[in-house]
Amino acid sequence: MRRLLLCLLLALPAFPGPVEGRVTDGVGPLAGVRVYPDRGYRVRPAAELPSVRTDAEGRFRLDLEPGDACLAVEKEGYVRDLVPLAELGRPVVLRPAPAFRRERALVVRLGFPDEAPMRDDEALRRVLFGRAPGEASVASYLYEVSKGSLLLEEGAILSLEDAEHPAPRDDAQREDLVRAVLRRIRGLDLSAFDRVDNRSGALRPDGKPDHLWIVPPGPARNISLDARHLSAISFLMPLPWRSGSRWSVLFMPEDTPLGNFVHEAFHAMGEHRVDDLYLEDPRTAGTWDLMDAGQYRGWDRAHPEEPPYQEDTGYSPSQPMAWVRADLWYRGAFRATVPVAWLEGRSWEGWLDPLARAPGAHPQALRVADPRRKGHFWELSVRRPWGYDRGRVGGRFGPGHEGLVVAHLRPERLSTDGASRGPARVVDAHPGTAEPPRPRYPAGRWELDDAAFSFGDGGVARGQDGPLAWELLEEDAGGRMKVRVRLDGGRARSRR
């Protein structure tokens, strides 16, 4: 009965009206913290979400609407949190953000004499750097998934024109276009855009711009599937004048959906350590990771032949799973933002905090070494429809769309510049579910949108994958789940 009651409490919308709370740093009050309702994200929204700042005592009061159930709580230099209303009875504690940094992007608007741009600089600036509450952008996405550790800023928007590649242009010309831009910016002082080591994310310059984004006009072929358009891509590009040095460069047409943009940006941050997870096979990570079909979360309708796309396609990309976020992104620079526990022995029972939250009293991921193959492991985490994970496809939501997500990971399948080899497989709580009606993810990528294990009608509370079995025991009003895990057969492995 307790499980069902708590499940219903999580699903019920909050009542409208004011809420009050207090934010501290664990010692004393924290003033100037921005607090606003988590209602999801939109590219260039017409109106900003209501927000308030905490006063000198760390207190705030905020008017809410029906359906509000979670608050975004953020202050520069501190860990960002998504706080369910049920937890406002005690102070919200924000700690200093580990490895906090500001990174600047150099944007090159690449024009062609025979093609007019679709967006002006201000419209482009908003989808790249907008930070208003509820505004979807590259900057707000990176700030959320780093839990406040990465603050992306506009460095400069530089306009260049290329008259050497007349229409029709195609994807085979992208490398030539990038090399032409690199030659033209060679003499510029780019030191203001070099704050971190691009390979490791360490806080030291490496002689390369941290974010170099080339933005030509037009829609992205990734969505239009039109050969006359150019596709979004991340290059690790040898310099034309020094082939031994490679720069990370994003090539992103101006109407590239946000999900494609941050997907390619993740490739670049770590010099392609972050790999694609998708295959032409349903047994991947599906909607549960940015590096798979989740880059297209937030998709209202399918209209590939009718751009623009940014406002209704891929505007709320999925958060990365714990492995991608803590181990691969910048090769582990943000590891401290995701508490991970490893199974020692053959069984474990305990609570898991939601992956989207600031680190708390419980792990956010449980890992279990696979005794059948050295280096392989399972990862269990709790996903809630908070923040960017609120995005839906065709408005669909139901059993299995939130809860415990179990992934089997094979790190040796990571590639760098080759085709994806499928290093991640999410275990499906509802195997056999037909692919949903349109709109659905493009290029044959499977959604697996109901793969989570959960309580309630239609939910599946236990599962097994090879020798690993798990069972949901409880969930609380803060979105946590209590899980029992058992490893049978073979030889148990501890963390290496």
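Values reported hereafter were calculated over all heavy atoms of this structure, with side chains retained and with hydrogens, waters and symmetry mates removed.
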Locate the shortest heavy-atom distance separating [X] from [Y]; write the atom from each residue and the value.
X      : Y      : value
Asp38  : Gly387 : OD2-N, 2.9 Å
Phe397 : Pro385 : CZ-CG, 4.0 Å
Thr256 : Gln310 : O-NE2, 2.9 Å
Pro359 : Thr337 : CG-O, 3.5 Å
Val427 : Phe453 : O-CE1, 3.9 Å
Pro209 : Leu212 : CG-CB, 4.2 Å

For this session: Check step by step if side-chain hydrogen bond (donor to acceptor under 3.5 Å, both in side chains) holds for Asp465 and Trp378.
Result: CA-CA 9 Å; Asp465 186 46; Trp378 289 273; 2.7 Å; yes
Any donor-acceptor pair under 3.5 Å from [X] side chain to [Y] backbone:
X      : Y      : result
Arg325 : Pro320 : yes
Asp327 : Val324 : no
Asn198 : Gly201 : no
Glu379 : Ala407 : no
His430 : Asp449 : no
Thr54  : Gly32  : yes
Arg440 : Glu447 : no

Any salt bridge between [X] and [Y], counting N to O under 4.0 Å?
X      : Y      : value
Asp194 : Lys208 : no
Arg384 : Glu402 : yes
Glu74  : Arg131 : yes
Glu311 : Arg44  : yes
Arg486 : Glu471 : no
Asp312 : Arg301 : yes
Lys147 : Glu144 : no
Glu135 : Arg126 : yes

For this session: Apply side-chain contact (heavy atoms from CB on, under 4.5 Å) to Leu472 and Lys482, showing your working.
Result: CA-CA 6 Å; Leu472 303 179; Lys482 190 175 185 181; over 6 Å; no
When you check the side-chain N and O atoms of [X] and [Y], is any donor under 3.5 Å from an acceptor?
X      : Y      : value
Ser415 : Asp275 : yes
Ser200 : Arg331 : no
Tyr330 : Asp197 : no
Asp450 : Thr433 : yes

Once you measure the plane-to-plane angle for [X] and [Y], does it fall in the parallel (<30°), tilted (30-60°) or perpendicular (>60°) bin?
X      : Y      : result
His211 : Trp213 : perpendicular
Tyr441 : Tyr296 : tilted
Phe377 : Trp342 : tilted

Find out whether [X] and [Y] are in side-chain contact, i.e. whether some heavy atom of one side chain is under 4.5 Å from a heavy atom of the other.
X      : Y      : result
Ser137 : Val43  : no
His408 : His376 : yes
Arg61  : Val19  : no
Leu277 : Thr284 : no
Asp25  : Val93  : no
Leu366 : Val483 : no
Tyr388 : Ser140 : yes
Arg462 : Arg484 : no

For this session: Could you go through the side-chain contact (heavy atoms from CB on, under 4.5 Å) check for Leu150 and Tyr143 one step at a time?
Result: CA-CA 5 Å; Leu150 196 166; Tyr143 191 69; over 6 Å; no
Exercise. Applying ring pair (Phe, Tyr, Trp, His ring centres under 6.0 Å), which residue pairs with at least one partner in residues 47-69 are found, sequence neighbours left out?
Worked result: none
How long is the straight-line distance from [atom2] of [Y] back to [atom1] of [X], given to the nearest 0.5 Å?
X      : Y      : atom1 : atom2 : value
Gln319 : Asp389 : CD    : CG    : 5.0 Å
Leu352 : Leu355 : CG    : CG    : 10.0 Å
Arg410 : Asp370 : CZ    : CG    : 10.0 Å
Arg101 : Asp210 : CZ    : CG    : 9.0 Å
Ser420 : Tyr278 : OG    : OH    : 7.0 Å

For this session: Please assess Glu349 against Val485 for the test side-chain contact (heavy atoms from CB on, under 4.5 Å), listing each intermediate value before the final yes or no.
Result: CA-CA 6 Å; Glu349 183 176 311; Val485 172; over 6 Å; no
Seminar exercise, completed: Result for side chain to side chain donor-acceptor pair (under 3.5 Å) between His263 and one of Asp289, Asp292, Asp276 points to Asp276
Exercise. Looking at His362, Gln364, Arg480, which one forms a side chain to side chain donor-acceptor pair (under 3.5 Å) with Asp353?
Worked result: Arg480
Problem set entry | salt bridge (charged side-chain N to carboxylate O under 4.0 Å, His left out) contacts touching residues 50-60 (sequence neighbours left out) | none
Seminar exercise, completed: Sorted by chain and number, sequence neighbours left out, ring-ring contact (aromatic ring centres under 6.0 Å, His included) with Trp329 holds for Phe266, Phe334
Problem set entry | Tyr41 six-ring face occupied by Arg390 cation (under 6.0 Å, within 45°) | no
Problem set entry | Over 12 non-hydrogen atoms of neighbours within 6.0 angstrom of CZ in Arg396 | yes
Problem set entry | Crowding at CZ, Arg199 (>12 non-hydrogen neighbours, <6.0 Å) | no
Problem set entry | From CA spacing to verdict: side-chain contact (heavy atoms from CB on, under 4.5 Å), Thr24, Leu94 | CA-CA 6 Å; Thr24 77; Leu94 299 188; over 6 Å; no
Exercise. Can you tell which of Leu82, Asp81, Leu85, Val83 makes a side chain to side chain contact (heavy atoms under 4.5 Å, CB included) with Cys70?
Worked result: Leu82
